[in-house]
Amino acid sequence: HPETFEDVGPYGPYRQSRRKEIYMEHAERLVNSGRAYYDFRTDAELDAIKEALIKAGKPPQIEAPEKIVSPDEARARIAKGETAAIRFQVKEKRDYVVNDLVRGDVRFPSDMVGDFVCIRSNGMPVYNFCCAIDDALMKITHVFRAEEHLSNTLRQLMLLEALGYEAPKFGHLSFILGADKQKLSKRHGATSCHDFKEKGYLPEALNNFILLSGWSSPDGREILSREEQIKLFTHERFNSAPAVFDETKLLWMNSEYLRALPHEELWERIQPFLKGAAIDLPEGGDPAWRDRALSVFKTSMQTLADAPRLFEPIDESKFELKPDAAEVKGWPESVKVWEAWKAELQAFSGNHVSEAEFTAMQDRVKNVAGVKGKHLFMPIRVAVIGQPHGAELKILVPLLTKESLLRRVDKCLA
RNA sequence: GUCCCCAUCGUCUAGUGGCCUAGGACACCACCCUUUCACGGUGGAUACAGGGGUUCAAAUCCCCUUGGGGACGCCA
C-alpha cells in the first residue's frame, strides 16, 4: 500500500497536516464574511464564563464577547505575537434538519451549541471543521458514521451553509454494545480484529457476523458470500436500534465457515495454532491423512483455536490418560480388552490399520475378551486417545501407526 | 441539567395499517440418527416496555410515561 495517502484520490492532499492552509483559508473566509471571529480570550476567562453560566442555570455555551475584535485589528495583534482562536458565530436561532439516511428527518435547534472553535489558538483546526471542509472539497456524497456523531452534524451543517457548500447525505448507524448494553470496550474482552484472529475466528466469519448486526438481508439469509454481501448491502436495511454483540452466535457462524472450508485451506489455517501449542503430528505431509483427520475433528471445531485440544491426543508425546478415563480403567473388563487389543496389534503386519481392518480387529477383541457395548469400545478408545469420549475409532485408529498404538495400550496396562 | 437518538423472543432480527392467534437465526429443551462425543434431522418453549389516542382495523401512525444510549471540549 502507499507510503502516504497523497495519491489515493483526485482531491488531495489527503493528509490533514498538509491541508492546514486550506482550513485556514476557509476560516479566514468565515471571518471576512462575519460568520466567525478571532477570540483572544484565555482559557481562564472562558472557564469563568462557563462557570457563571452554570451557576445561573444556563447551558455553558460560549458566545461572542460584547466587542468582537475586527479582522484587521486581530491580524495586527497576531502579527505582534498574540494568539487567538477562530470561533464560528452561531448568531440567529433556527432549526437545522438532517435528512438522515438511517433515522429520517432529525431536527436540531441552532442554540443547541454555542459559538464553537474552528481553528485553535495554536493554528490547528478542529475535527468538526476539517470534516465539513474535507467532505465538501473531496466531493463526498455519503457520510456513514456512528450514532455518536449525530449531534456533530449540526455544526457541520452550519459550517457548510456559511461556506456555501452543499452538504453530503448523512447516515448515522447505531452502536454495537456489550452484553451489559454498554458501549463495547476492553472489559468486554476481544475488541479488535487482531484479538478475534488470535481467538481462532476466521476473518470472513467475523465480517459476516458484523454485517448482520444492524443490517439484515432481504430474504433473511444470514450466511452470505462476499459477492452477495456487496450486492445486497443497502442503507435502506439498516436498523436504527443498537445491537448487542453476541459471541455465542459468532461462534456458531465461525463453525459454519470453518466446516465449509476446503481441507487444504483449513489445514493451513490451523497451523499457527498447532505450532503455538507445539503439537507434533504423525501426518508426514500426507494429504489423505490430513483429509481424514480434518473430517473427523472439524465437526467439533468452533474456532481454529480448538485445533490443538482436538489434535493433542494424536501427538504421541502428549498422550496421557485423561481424568475422565479413570472410571474406564477401573472396570474389570478393561484389562481383558486391552490385552486382546494389544495381541491384535502385535499380530498385525502393516504399519497403518485401515478402517476395515480395524472393524475386524475390534470384532475379534469382542470375542476374545467376551465383552461388548461400551465396555468394549470405551477401553479401546482410552487405549487410543486417552479418554472415553471423542471421534469415531475407525477413523481415529488409521491416523496412528501400529507402533504408536502399541505404546499407548502399554501405558494403559502399566 | 439541556438537546438528540432508540425500544419486537435471553441475543441478532423480519415486519413500513389488514397477509401477524408476530416469521427466521443463535442459544435452550425434547426426540431421532449414533455401541461414546460431536455433526446432522425433526419438534418445542419464549417477544411487540407501559398508558392514552387516531382508525372499521395498529407491532406498524400520534402523544405521554418509563427504560437505555449519545452529544453538549481550543478531543477525534
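Residue numbers begin at 1 in each chain, while the letters A, B, ... track the order of the sequences. Quick caveat, the model's predicted, so the values are computed rather than measured.
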Please give the distance between the [atom1] atoms of [N] and [M] as a whole number of Å.
N	M	atom1	result
B/C75	B/C64	P	37 Å
B/G1	B/A47	C1'	35 Å
B/C61	B/G70	C1'	26 Å
B/C5	B/G41	C1'	44 Å
B/C39	B/A30	P	15 Å
B/U11	B/C48	P	12 Å
B/U36	B/C31	P	15 Å
B/A38	B/U13	P	30 Å

Using a cut-off of 6.0 Å, state whether more than 12 heavy atoms not belonging to A/Lys402 lie near its atom NZ.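 It does: A/Lys402 NZ has more than 12 such atoms within range.
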
Would you classify [X] as touching base, sugar-phosphate or nothing, given that sugar-phosphate means primed atoms plus P, OP1 and OP2, and contacts are heavy atoms under 4.0 Å?
X	answer
A/Arg381	base
A/Arg107	sugar-phosphate
A/Ala391	base
A/Thr299	base

Taking pairing as Watson-Crick or G-U wobble with both contacts under 3.5 Å, can you name the mate of [N], or confirm there isn't one?
N	answer
B/C56	B/G18
B/U66	B/A7
B/C48	none
B/C74	none

Rounding to an integer number of Å, can you tell me how far [X] [atom1] sits from [N] [atom2]?
X	N	atom1	atom2	result
A/Phe238	B/C5	CZ	P	19 Å
A/Leu154	B/U2	CG	P	19 Å
A/Leu101	B/C5	CG	C1'	16 Å
A/Tyr96	B/C4	OH	C1'	17 Å
A/Leu310	B/C39	CG	C1'	13 Å
A/Asp306	B/C39	CG	C1'	14 Å
A/Gln387	B/A38	CD	C1'	12 Å
A/Leu232	B/A14	CG	C1'	14 Å

Sugar-phosphate atoms are those with a prime plus P, OP1 and OP2; base atoms are the rest. Using that split, label each nucleotide of nucleotides 24-32 of chain B B, S or - for protein heavy atoms under 4.0 Å, 5' to 3'. BBSS-----

Scoring nucleotides 67-76 of chain B by protein non-hydrogen atoms under 4.0 Å (B base, S sugar-phosphate only, - none) yields -SSSS-SBSB

Is the shortest side-chain heavy-atom distance between A/Tyr201 and A/Glu247 below 4.5 Å?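 Yes, at least one pair of side-chain atoms sits under 4.5 Å.
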
Is the gap between the ring centers of A/Tyr96 and A/Phe108 under 6.0 Å?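 Ring centres of A/Phe108 and A/Tyr96 not closer than 6.0 Å.
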
Ring-ring centroid check A/Phe273 A/Phe311, cutoff 6.0 Å: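 No, the ring of A/Phe273 stays outside the 6.0 Å limit from the ring of A/Phe311, centre to centre.
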
Does a nitrogen or oxygen in the side chain of A/Asn239 sit under 4.0 Å from OP1 or OP2 of B/A14?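 Answer is yes, contact under 4.0 Å.
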
Ignoring backbone atoms, test whether A/Arg103 places a side-chain nitrogen or oxygen under 4.0 Å from the OP1 or OP2 oxygen of B/A7.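 Answer no for this pair, as no side-chain N or O of A/Arg103 is under 4.0 Å from OP1 or OP2.
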
Given B/G40, B/U35, B/U13, the nucleotide with the shortest approach to the side chain of A/Ala243: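 My answer, after comparing the listed nucleotides, is B/U13.
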
Is any NZ, NE, NH1 or NH2 atom of the basic residue among A/Glu316 and A/Arg407 found under 4.0 Å from an Asp or Glu carboxylate oxygen of the other?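 Salt bridge: yes.
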
Can you give the donor-acceptor pairs under 3.5 Å from side chains of residues 321-336 of chain A to other protein atoms, not counting sequence neighbours?
{"from": "A/Lys322", "atom 1": "NZ", "to": "A/Glu312", "atom 2": "OE1", "distance (Å)": "3.4"}
{"from": "A/Lys329", "atom 1": "NZ", "to": "A/Cys412", "atom 2": "O", "distance (Å)": "3.0"}
{"from": "A/Ser334", "atom 1": "OG", "to": "A/Val328", "atom 2": "O", "distance (Å)": "2.5"}

Which atom pairs, donor and acceptor, lie under 3.5 Å between side-chain atoms of residues 130-145 of chain A and protein residues at least two apart or in another chain?
{"from": "A/Asp134", "atom 1": "OD1", "to": "A/Arg19", "atom 2": "NE", "distance (Å)": "2.9"}
{"from": "A/Asp134", "atom 1": "OD1", "to": "A/Arg19", "atom 2": "NH2", "distance (Å)": "3.1"}
{"from": "A/Asp134", "atom 1": "OD1", "to": "A/Tyr23", "atom 2": "OH", "distance (Å)": "2.9"}
{"from": "A/Asp134", "atom 1": "OD2", "to": "A/Tyr23", "atom 2": "OH", "distance (Å)": "2.9"}
{"from": "A/Arg145", "atom 1": "NH1", "to": "A/Thr153", "atom 2": "OG1", "distance (Å)": "3.2"}
{"from": "A/Arg145", "atom 1": "NH1", "to": "A/His172", "atom 2": "NE2", "distance (Å)": "3.1"}
{"from": "A/Arg145", "atom 1": "NH2", "to": "A/Gln156", "atom 2": "OE1", "distance (Å)": "2.8"}

Please tabulate, for side-chain N and O atoms in residues 69-78 of chain A, each donor-acceptor pair with protein atoms closer than 3.5 Å (sequence neighbours left out).
{"from": "A/Ser70", "atom 1": "OG", "to": "A/Glu73", "atom 2": "N", "distance (Å)": "3.2"}
{"from": "A/Arg75", "atom 1": "NE", "to": "A/Glu28", "atom 2": "OE1", "distance (Å)": "3.1"}
{"from": "A/Arg75", "atom 1": "NH2", "to": "A/Glu28", "atom 2": "OE1", "distance (Å)": "2.4"}
{"from": "A/Arg75", "atom 1": "NH2", "to": "A/Asn32", "atom 2": "OD1", "distance (Å)": "2.9"}
{"from": "A/Arg77", "atom 1": "NE", "to": "A/Glu82", "atom 2": "OE1", "distance (Å)": "3.4"}
{"from": "A/Arg77", "atom 1": "NE", "to": "A/Glu82", "atom 2": "OE2", "distance (Å)": "2.9"}
{"from": "A/Arg77", "atom 1": "NH2", "to": "A/Glu82", "atom 2": "OE1", "distance (Å)": "3.0"}

Determine yes or no for a side-chain-to-main-chain donor-acceptor pair under 3.5 angstrom, with A/Ser404 supplying the side chain and A/Thr401 the backbone.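 Not confirmed, A/Ser404 side chain does not pair with A/Thr401 backbone.
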
Need the glycosidic conformation of B/C39: syn if within 90° of 0, anti if not. Which one?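 Nucleotide B/C39 adopts syn.
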
Please check if any side-chain donor atom of A/Thr359 sits under 3.5 Å from a side-chain acceptor atom of A/Gln362, or the reverse.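 No.
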
Could you check A/Phe170, A/Phe175, A/Tyr127 and say which one makes a ring pair (Phe, Tyr, Trp, His ring centres under 6.0 Å) with A/His149?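 Of the listed options, the one satisfying the test is A/Tyr127.
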
List the atom pairs, donor and acceptor, that lie under 3.5 Å between side-chain atoms in residues 56-67 of chain A and the rest of the protein, sequence neighbours left out.
{"from": "A/Gln61", "atom 1": "NE2", "to": "A/Asp111", "atom 2": "O", "distance (Å)": "3.2"}
{"from": "A/Gln61", "atom 1": "NE2", "to": "A/Met112", "atom 2": "O", "distance (Å)": "2.8"}

